[in-house]
Protein chains: 2
Amino acid sequence: MSTRSDIVAVSDTLIREKGYNAFSYADLAKTLGIRNASIHYYFPTKTDLAIAVIDRQLEKLNELISSVTDSDPLTQLEAYLSIYTHTREEGSVCIVGSLASDLYSIDERISNHLRTLVDEILLWVAGILERGQDSGVFHFTGSPRSRALLVVTNMLASLQLVRLTDNKNDFETIKEAVLKELTT
Amino acid sequence: MSTRSDIVAVSDTLIREKGYNAFSYADLAKTLGIRNASIHYYFPTKTDLAIAVIDRQLEKLNELISSVTDSDPLTQLEAYLSIYTHTREEGSVCIVGSLASDLYSIDERISNHLRTLVDEILLWVAGILERGQDSGVFHFTGSPRSRALLVVTNMLASLQLVRLTDNKNDFETIKEAVLKELTT
DNA sequence: GTCTATAGCAGGATAGAC
DNA sequence: GTCTATCCTGCTATAGAC
């Protein structure tokens, strides 16, 4: 992997672990075995770095969407939920939840980028739910978008709550309840 | 009000607005019209201050619980949901969501205190749901605790998401969906 | 492209006068 | 209890050698 993508990958992990304002170029330099100034060569400002992290998440999301584009709605929903399973295993939260907490202390260019990511997630999930409803796999009241809001908030906050309840089962409980609710 | 409680109140607001690591003694001093050093007189360290903020939230929660202790489950649930309506109007997030994002960059004494708050919220909500189920007002599958996890995560993350979707209705949509789901 | 060195600033915190 | 003054540390960021 290139130095550039290594920097982005480590930044991603650190932001989601400690929070945007707590992670520093010094953390990155230490982890990557390079110097502070080298990071600035690739990313002049911390804002540039945060935007690259969000772009990385956007790319990963688009790859996931593409990989299940021909699958049935249930498989697609499970693909969406699997994102959080992976993040949960790291003990981290998702980038949306992490940056949303710091929203009014970060550069507007970051929050605008984040908005793009959120919109894409909501559109994708709402689409999955709608197709699932049409084909009779999913059952729910309200619009697909409002249902997507419920599903996304469940998953987003589960990562944050489970860090505090210390009950390893809570995450699985929430995930299964979300699935069960839609399929029965 | 005393200087001490003013400091705690402003800290509370700032942490939930900007995030724990972004808010500073300088912010407080400016807002309150006092000096940095005066705040240290009441709260020697930032950790002390964060703990006082969580204690404040615990007190407010206990007052709310007491105020509806003789009410029916639906009224109690609405009381719980009203916490977030108020926070939503400020454009802030809740203290649990805010600090959970920074969890691995804050003093352990803060996270331990936060855990107490989370446990109390979950116990209260699960109790409300259970009594509502027994009296036939609420209908849901799974244990009261797992249902409480769904409700709490919906509300917690709704504050964070709505900051990004810019759709003012999203918060109300989520809140009403939570209520409707339980009562039908 | 990576380094050393350092500027410049803001953060949390303390000493001591009033 | 509140102030002025100050310390120390860590941060983002830059200049310039290699």
Side-chain angles (χ1 to χ4, degrees), chain A residues 1-54 98-99 101-111 113-114, chain B residues 1-55 95 98-99 101-111 113-114:
Chain A
M1 277 301 180
S2 69
T3 306
R4 187 190 182 88
S5 65
D6 284 350
I7 294 170
V8 177
V10 175
S11 300
D12 189 357
T13 304
L14 286 174
I15 292 175
R16 293 182 297 97
E17 186 184 319
K18 306 171 63 172
Y20 178 73
N21 288 307
F23 109 97
S24 68
Y25 277 64
D27 290 333
L28 290 173
K30 200 170 155 190
T31 307
L32 293 164
I34 57 178
R35 296 291 170 169
N36 192 321
S38 304
I39 303 168
H40 280 283
Y41 168 78
Y42 294 99
F43 303 98
T45 70
K46 204 180 175 185
T47 293
D48 296 324
L49 190 42
I51 288 173
V53 166
I54 297 171
S98 177
L99 291 176
S101 291
D102 294 334
L103 204 68
Y104 296 139
S105 73
I106 61 181
D107 195 299
E108 262 200 356
R109 284 174 293 157
I110 304 177
S111 37
H113 244 70
L114 194 59
Chain B
M1 275 302 177
S2 69
T3 305
R4 186 190 183 88
S5 65
D6 284 349
I7 293 170
V8 177
V10 175
S11 301
D12 188 357
T13 304
L14 286 174
I15 292 174
R16 292 182 299 97
E17 186 185 320
K18 305 171 62 171
Y20 177 73
N21 288 306
F23 109 98
S24 68
Y25 277 63
D27 289 333
L28 291 173
K30 201 169 155 190
T31 308
L32 293 165
I34 56 178
R35 296 292 171 170
N36 192 319
S38 304
I39 304 167
H40 280 284
Y41 169 78
Y42 294 99
F43 302 98
T45 71
K46 205 179 174 185
T47 294
D48 296 324
L49 189 43
I51 288 173
V53 166
I54 297 171
D55 280 339
I95 194 74
S98 177
L99 291 175
S101 291
D102 295 335
L103 204 69
Y104 296 140
S105 73
I106 60 181
D107 194 300
E108 262 200 355
R109 282 175 294 158
I110 303 177
S111 38
H113 243 70
L114 194 59

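Reminder, nothing fancy here: chain letters follow the sequence lines and each chain counts from 1. Side-chain atoms are counted along with the backbone in the values below, which use heavy atoms only and exclude waters and symmetry mates.
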Participant: Of B:Asp55, B:Asp107, B:Val53, which is the lone residue that meets side chain to side chain contact (heavy atoms under 4.5 Å, CB included) with B:His113?
Facilitator: B:Asp55
Participant: With sequence neighbours excluded, what pairs up with A:Thr45 under the side-chain hydrogen bond (donor to acceptor under 3.5 Å, both in side chains) test?
Facilitator: A:Asp48
Participant: Taking atom types as modelled, find out whether A:Ser101 and B:Asp102 have a side-chain donor-acceptor pair closer than 3.5 angstrom.
Facilitator: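 Checked: A:Ser101/B:Asp102 side chains show no N/O donor-acceptor pair below 3.5 Å.
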Participant: Going 5' to 3' along DNA chain D, which nucleotides are the first and last within contact of chain A (any atom under 4.0 Å from a heavy atom)?
Facilitator: D:dC11 to D:dA15
Participant: For DNA chain D, which residues of residues 21-47 of chain B approach it to below 4.0 angstrom with any heavy atom?
Facilitator: B:Ile34, B:Arg35, B:Ala37, B:Ser38, B:Tyr41, B:Tyr42
Participant: Kindly indicate, with the supporting measurements, whether the criterion side-chain contact (heavy atoms from CB on, under 4.5 Å) is fulfilled by B:Ile15 and B:Asp12.
Facilitator: CA-CA 5 Å; B:Ile15 292 174; B:Asp12 188 357; 5.7 Å; no
Participant: Go through the steps to decide whether A:Ile7 and A:Ser11 satisfy the test side-chain contact (heavy atoms from CB on, under 4.5 Å), and finish with yes or no.
Facilitator: CA-CA 6 Å; A:Ile7 294 170; A:Ser11 300; 4.1 Å; yes
Participant: Who are the salt bridge (charged side-chain N to carboxylate O under 4.0 Å, His left out) partners of B:Asp27, not counting sequence neighbours?
Facilitator: B:Lys18
Participant: Let me check I have this right: for DNA chain D, each base becomes ., (, ), [, ] or |, based on Watson-Crick or G-U pairs with both distances under 3.5 Å. What is the full string?
Facilitator: ||||||||||||||||||
Participant: Donor-acceptor pair, A:Ser105 side chain versus B:Ala22 backbone, under 3.5 Å?
Facilitator: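 Looks like no, no N/O pair under 3.5 Å.
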Participant: Does anything in residues 12-40 of chain B pair up under ring pair (Phe, Tyr, Trp, His ring centres under 6.0 Å), and if so which pairs, sequence neighbours excluded?
Facilitator: B:Tyr25-B:His40
Participant: Assess the residue pair B:Ser38 and B:Thr3 against the criterion (side-chain contact (heavy atoms from CB on, under 4.5 Å)); give the C-alpha distance rounded to whole Å, side-chain angles, the decisive distance to 0.1 Å, and a yes or no.
Facilitator: CA-CA 9 Å; B:Ser38 304; B:Thr3 305; over 6 Å; no
Participant: I'd like to know if the side chain of B:Ser98 and the backbone of B:Gly19 have a donor-acceptor N/O pair within less than 3.5 Å.
Facilitator: no
